[in-house]
Amino acid sequence: MGQIAFKFVKWDVPELATLKDCKVYRLRECLNNGGKLTRDDKNWITEQVRGCCRFQKGIALMGYYFDFSDVLKRYYIKQYGHIAEYYAIDKTALRSSLYGRIENIVEVK
């Protein structure tokens with residue numbers, strides 16, 4: 001991916017350069033430069049993507065959308081008799097962000 005983030009709101013927001021100190025900006029920049037993520041970073045991205053109500057494959061911050069679709073995989077989780085779809089970097093990060101007993105995790109390609 002070439003771009004760090006996309007503006008998704010119509011109103012005025014601060015320049016993207018003002019968000020350089022934010023964790024999501026640093027992680028997206030690290031991935032764009034070919035860097036590797038630590039386990040904590042993978043868990044954090046998975047938790048934030050799972051908690052984002054507006055987007056499935058990215059994180060929203062101050063009117064900008066940080067897209068992580070290039071590193072996220074789609075999983076189906078069976079938990080308590082129900083099947084749900086989640087996007088996560090890997091199974092370990094997904095397991096750490098979910099609570100309770102997970103019956104099955106299937107990666108969908």
Looking at every non-hydrogen atom in both residues, tell me the closest pair between [X] and [Y] and how far apart they are.
X     : Y     : value
Gln56 : Tyr87 : OE1-CE1, 3.6 Å
Ile83 : Tyr76 : CG2-CB, 4.2 Å
Lys42 : Leu37 : CE-O, 3.8 Å
Tyr64 : Pro14 : OH-O, 2.8 Å
Cys52 : Ala60 : SG-N, 4.0 Å
Leu16 : Ala5  : CD1-CB, 3.9 Å

Side chains of [X] and [Y]: does their closest heavy-atom pair fall under 4.5 Å?
X     : Y     : value
Phe68 : Leu31 : yes
Lys57 : Leu72 : yes
Leu27 : Phe66 : no

Problem set entry | Atom pair CD1/NE2 of Ile77 and His82 - distance to nearest 0.5 Å | 14.5 Å
Exercise. Looking only at atom types and distance, does a side-chain atom of Arg28 sit under 3.5 Å from a main-chain N or O of Asp67, one as donor and one as acceptor?
Worked result: yes
For this session: Compute the centroid of each ring, for Phe8 and then for Phe55, and state whether the two points are separated by less than 6.0 Å.
Result: yes
Which atom pairs, one a donor and one an acceptor, fall under 3.5 Å between side chains of residues 96-109 and the rest of the protein, sequence neighbours left out?
residue	atom	partner	partner atom	Å
Ser96	OG	Asn43	OD1	3.4
Ser96	OG	Ala93	O	2.8
Ser97	OG	Arg50	NE	3.4
Ser97	OG	Leu94	O	3.0
Glu103	OE2	Tyr80	N	3.3
Glu103	OE2	Gly81	N	3.2

